Each structure stands twice: as C-alpha cells, then as structure tokens.
Amino acid sequence: MSALTNDLKKLTETAEKAFEENAAAGDKGAQTGFRQKLHLMPPVGWLNDPNGLCQKDGIFHAFFQYSPFDPEGGVKLWGHYISRDMIDWEYRGAMLYPDQPFDCSGVYSGCAFIEGGEMYLYYTGNVKLEDRDDYDYINTGREANTVLVTSPDGEHFSRKQLLMRNSDYPADLSLHVRDPKVWKQDDVYYMLQGARTKEDVGQGIIFRSQDKVNWAFHSRVETEKPFGYMWECPDYFEADGAKIFSASVQGLTGEEWKDRNVYQSGYFLLDGDILGEYSLSDYHLWDYGFDYYAPQSFETEDGRRIQIGWMGMPDCEEYTNLTIEAGWQHCFTFPREVFVRNGIVCQRPVRELEEKKQLIETAAGRLERNGDPVYEVDITEIRDNSFRAVLGEELILEYRDGRFEMRFSDRAKDSVSGGRGIRYKEMEKITDVKILGDVSSVEVFVNGGETVFSTRYYPGRYEIDVRSEGAEIALHSIGMSSEFPTE
Ligand code: FRU
C-alpha cells in the first residue's frame with residue numbers, strides 16, 4: 001500500500017470513528033441527525049451513486065461513491081457494504097482510494113462483473129486539471145480513464161489497471177465519458193459508458209472485448225433527436241423479456257420537464273438489438289419524486305433484477321437535506337425488484353422485506369397512527385380514485401385532478417420538506433398504494449409499482465393519516481424498528 005493510500009485510509013477511519021463516538025456519547029449531531037434504519041447511508045460525510053452492485057457466493061455487495069471528509073461532497077472513494085438479505089447491511093470500510101495518477105481526482109462510478117470466482121470492478125478514474133489556462137472541464141482539463149481492479153471478495157484487490165483513456169474513445173466525444181457497465185453476450189464482453197459529445201448531445205457508448213481487458217469501440221446508443229447533453233450511469237438489462245436501456249440524463253428542458261428535478265433518471269424500452277439495429281421507446285422516469293438519481297442494477301443468484309438508486313439529486317439548489325448539520329448527507333433507495341407486467345415496467349421493494357414485516361393494524365377507509373418512523377402501509381382496493389395521506393404532518397400524497405401528487409405543505413428550507421415543493425404524475429386511475437417510510441425518507445409505489453415517488457423528509461412527529469374511502473389499509477412495522485406504541 002502506498003503512503004498516500006495508507007494516509008487516506010487512516011484519515012477515513014478517523015473521521016468514521018469520530019462520528020461513531022459522537023453518536024455513542026449522545027452528541028446532538030450524529031445521534032439525532034435523522035439517521036435511517038433501512039436505507040444505506042455514508043458512515044460519515046457524503047454518499048452518492050451505488051457502484052459495483054452484485055451478489056457473489058450468496059453475499060450482496062453494495063459499493064458507494066463516498067466522500068468521508070465533507071457532508072457536502074469532495075474527492076470520491078468507494079465505500080463497501082455487504083448483506084445476506086439486502087436489509088441488514090454491514091459496513092466493511094472504504095475500499096478504493098484515489099491513489100493513482102489516472103484516478104487522483106476521484107474513483108468515480110462503475111460496476112461489478114462476476115466470472116470465474118472473481119469480481120471485475122470497472123470504474124472511471126477521474127482527473128481534474130484545473131491549472132490549465134483553457135480549463136473548462138468539458139473539452140479540456142479533465143481525464144476520464146477506464147480502470148479495472150479485480151477482487152475475490154470486495155475487500156482484497158489486484159493492482160489497478162488502466163484500460164482506456166479519452167484518446168481511446170470516439171473522437172467526437174467531449175471529455176465526459178464515464179460510468180462503465182459490463183455484461184457478456186454470446187461469449188463477447190460489452191461495456192456501456194455514458195457520454196457527452198462535443199456538440200453537447202448525451203449518448204451511450206458501447207465497447208467490446210474478448211478478454212475483459214482489451215476494449216475497442218463497438219457502437220452507440222442514441223436517440224433520433226438530441227435528448228439532453230449528458231447521459232450518466234447508463235445501464236442495460238432484460239426483465240421478463242423486455243429490453244431496458246436506462247440513463248441518468250442531464251439537460252432536458254421545456255414544458256414537459258417543468259416541475260421536475262434538475263436531472264432525470266429513466267429508461268427507454270429497446271426494440272431490436274442494442275449492438276446493431278434498434279429503436280427506442282419514449283423515455284419513462286424510474287421515479288417521479290424529489291430524490292432519485294444514478295440507479296444501477298444487478299441480477300441476483302436466484303434470477304431477479306434488483307435496482308438501487310441514489311436517493312439524492314446533484315446540483316440541486318432548490319432544496320436541501322437537514323442532515324448536513326449532523327455531518328452526513330444522502331442515502332440509497334431501498335433495493336427494488338424491477339419486473340414487467342403487461343408490457344409496463346414496475347418496481348417493488350425486494351421480497352426479503354416481507355419477512356421483516358409485522359401487521360400492526362388494518363382499517364377500512366381511514367387509518368390514523370402516531371408513532372414509529374419505520375413502517376409500510378398498504379392501501380388496496382382503492383375506489384373512485386379516493387386517496388389522501390398525510391405523513392409527518394407536512395408530506396401530502398394525494399390523487400386529484402387526474403394526477404397523483406407528492407407535495408409538502410411548507411416549502412421553507414428548514415421545514416419537514418427541506419425546501420421541496422411538489423412532484424406529480426398524471427394517471428387515469430389508482431388502484432393501490434404502498435408507502436415505505438424510514439426515519440428521513442418515504443418511497444411510494446402506486447398501482448403495483450407502475451409509478452414510484454421517492455423523497456427525503458425531516459418530520460418532527462411521525463404521524464400517519466391515510467384516507468381512502470372504501471379501501472383496505474394495512475399498517476406494518478418492520479422487524480428491525482421499535483414497536484408502534486398503542487394509543
Ligand atoms: C452521477 C455521477 C457519475 C460519476 C459520479 C461521481 O451522480 O456524476 O457520473 O461517476 O457521480 O461521483
């Protein structure tokens with residue numbers, strides 16, 4: 001281990017330990033800072049994208065973009081969590097540090113590809129060259145290097161190998177090329193990366209390899225008309241026979257994107273061959289809430305497609321997170337199964353959650369409860385689109401005027417919303433709603449998961465008030481949380 005790696009490791013461990021000790025000593029910041037129970041968070045500091053998601057020898061691995069030294073972000077490492085059920089996770093430490101000339105400004109996002117008992121971790125080595133006179137960080141002053149490191153267990157690593165530099169990518173691309181995702185098809189390996197062309201058009205770039213090490217440009221994934229200026233964290237997979245191409249898109253403007261997040265994460269259904277002739281459907285958002293970006297997916301050993309997103313939003317000035325003061329920021333979404341029903345892509349919390357749920361109360365038409373922050377409420381057999389729920393006194397979920405709304409009653413930056421206002425999705429009908437609440441987040445699955453809304457929130461009291469005339473309402477506590485008090 002180099003002296004730099006060694007120091008970065010020590011500094012990270014010191015920051016993590018200080019945070020933990022503050023929490024144990026009852027320090028206001030760490031202890032009351034809205035720490036989540038079910039969702040993965042940074043041990044201290046900042047978290048963004050999920051990276052290297054996989055299941056190997058029964059164990060789930062979730063790496064994450066991690067800046068331990070500043071809750072508002074900084075140089076990126078890869079932190080590492082493992083789990084046997086995607087619910088109880090164990091933090092194993094920061095694993096990949098920016099300690100090479102080709103990744104010195106950050107070990108950026110990437111994937112895990114498993115073969116022959118090894119994890120092949122591909123990521124983007126980011127290099128910022130700020131002292132250049134013509135620095136613009138788009139066409140000059142930046143390197144996006146494709147790097148490979150292998151590991152049997154996510155904890156012991158081979159030497160990092162630099163596989164490709166910007167000069168190895170198509171010449172019409174800007175320096176924004178990143179976030180490799182690798183798969184194997186007909187004995188050939190393919191790598192998808194997100195890119196911005198010199199003309200400011202977002203694209204997916206596909207490379208191919210026979211040996212996982214030597215890569216050559218193969219083809220592109222692009223829309224007929226330009227769609228945003230940059231596609232980050234692309235992903236490609238099949239679910240229930242549908243081909244799904246996912247991208248986190250920056251630069252969408254116009255009426256359709258009004259009242260939406262600054263950047264979007266969504267998917268196109270792909271008809272044809274991603275490696276040859278294909279056409280793309282319209283773009284659908286994975287999540288219509290305030291906090292959702294850069295999702296990645298993987299296949300479990302039992303064949304399910306699981307997706308995890310970053311429950312946050314980059315470059316967002318509109319709203320904030322009230323955990324910053326406590327020394328940390330952001331979390332992942334709860335892992336979701338992606339499946340296709342009647343041609344529609346749906347999401348639901350992973351089924352492992354079912355075993356942790358305990359039925360607390362059922363009601364017809366109305367349920368009010370004050371208590372535990374961690375819960376699931378299922379509202380089924382909704383009639384006449386009658387639905388309104390108020391969570392934590394200020395978060396309102398409501399069907400009205402032909403749309404499902406998620407909105408806060410107060411938009412002040414220090415309120416429950418942290419500055420969030422309204423998000424919505426038009427729909428003709430609602431039949432059921434599932435709400436998964438954690439200490440500082442809510443995820444809402446509407447109509448069997450056809451539409452999802454996620455948001456962070458910061459309640460003073462954990463009240464639930466659901467009204468849905470004629471519907472069945474079931475409230476569950478979740479095993480790891482404390483009991484609901486009986487009123
Ligand atoms: C998406 C992203 C990726 C990049 C990483 C850096 O949120 O910008 O494109 O690899 O975050 O942290």
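Counting starts at 1 for both ligands and their atoms, in listed order. Numbering starts at 1 and runs along the sequence shown. Note that the coordinates shown come from a computational prediction; the quantities given were computed from them, not determined experimentally.
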**Item:** Between Ser174 and Arg196: side-chain donor-acceptor atoms closer than 3.5 Å
**Value:**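 Absent: no donor and acceptor within the cut-off.
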**Asked** Got a sec, which residues hit salt bridge (Lys or Arg N to Asp or Glu O under 4.0 Å) with Lys76, two or more places apart in sequence or on another chain?
**Response**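 Partners of Lys76 by the salt bridge (Lys or Arg N to Asp or Glu O under 4.0 Å) criterion come out as none, since no residue qualifies.
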**Message:** Ring of Tyr137, cation from Lys128 - is the NZ or CZ under 6.0 Å from the centre and inside 45° of the axis?
**Reply:**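 That pair qualifies as a cation-pi contact.
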**Prompt:** Distance from Thr197 atom OG1 to Tyr229 atom OH, nearest 0.5 Å?
**Reply:**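 OH of Tyr229 is found 13.0 Å from OG1 of Thr197.
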**Chi angles and distances behind the side chain to side chain contact (heavy atoms under 4.5 Å, CB included) call for Met406, Leu395** = CA-CA 7 Å; Met406 166 179 266; Leu395 173 56; 3.9 Å; yes
**Message:** Determine whether a donor-acceptor pair (N or O, by modelled atom type, separation under 3.5 Å) exists between the side chain of Asn126 and the backbone of Gly106.
**Reply:**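 Flag not set: sc Asn126 to bb Gly106 has no pair under 3.5 Å.
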List below, pair by pair, the N or O atoms of ligand 1 and of the protein that are less than 3.5 Å apart, including the distance to 0.1 Å; reply 'none' if no pair qualifies.
| unit_1 | atom_1 | unit_2 | atom_2 | d |
| --- | --- | --- | --- | --- |
| ligand 1 | 7 (O) | Asp49 | OD1 | 2.8 |
| ligand 1 | 7 (O) | Asp49 | OD2 | 3.3 |
| ligand 1 | 8 (O) | Glu232 | OE2 | 2.7 |
| ligand 1 | 9 (O) | Arg178 | NE | 2.7 |
| ligand 1 | 9 (O) | Asp179 | OD1 | 3.4 |
| ligand 1 | 9 (O) | Asp179 | OD2 | 2.7 |
| ligand 1 | 9 (O) | Glu232 | OE2 | 2.8 |
| ligand 1 | 10 (O) | Ser109 | N | 3.1 |
| ligand 1 | 10 (O) | Asp179 | OD1 | 2.6 |
| ligand 1 | 11 (O) | Asn48 | ND2 | 3.2 |
| ligand 1 | 11 (O) | Asp49 | OD2 | 3.1 |
| ligand 1 | 12 (O) | Asn48 | ND2 | 3.0 |
| ligand 1 | 12 (O) | Gln65 | OE1 | 2.6 |
| ligand 1 | 12 (O) | Lys76 | NZ | 3.2 |

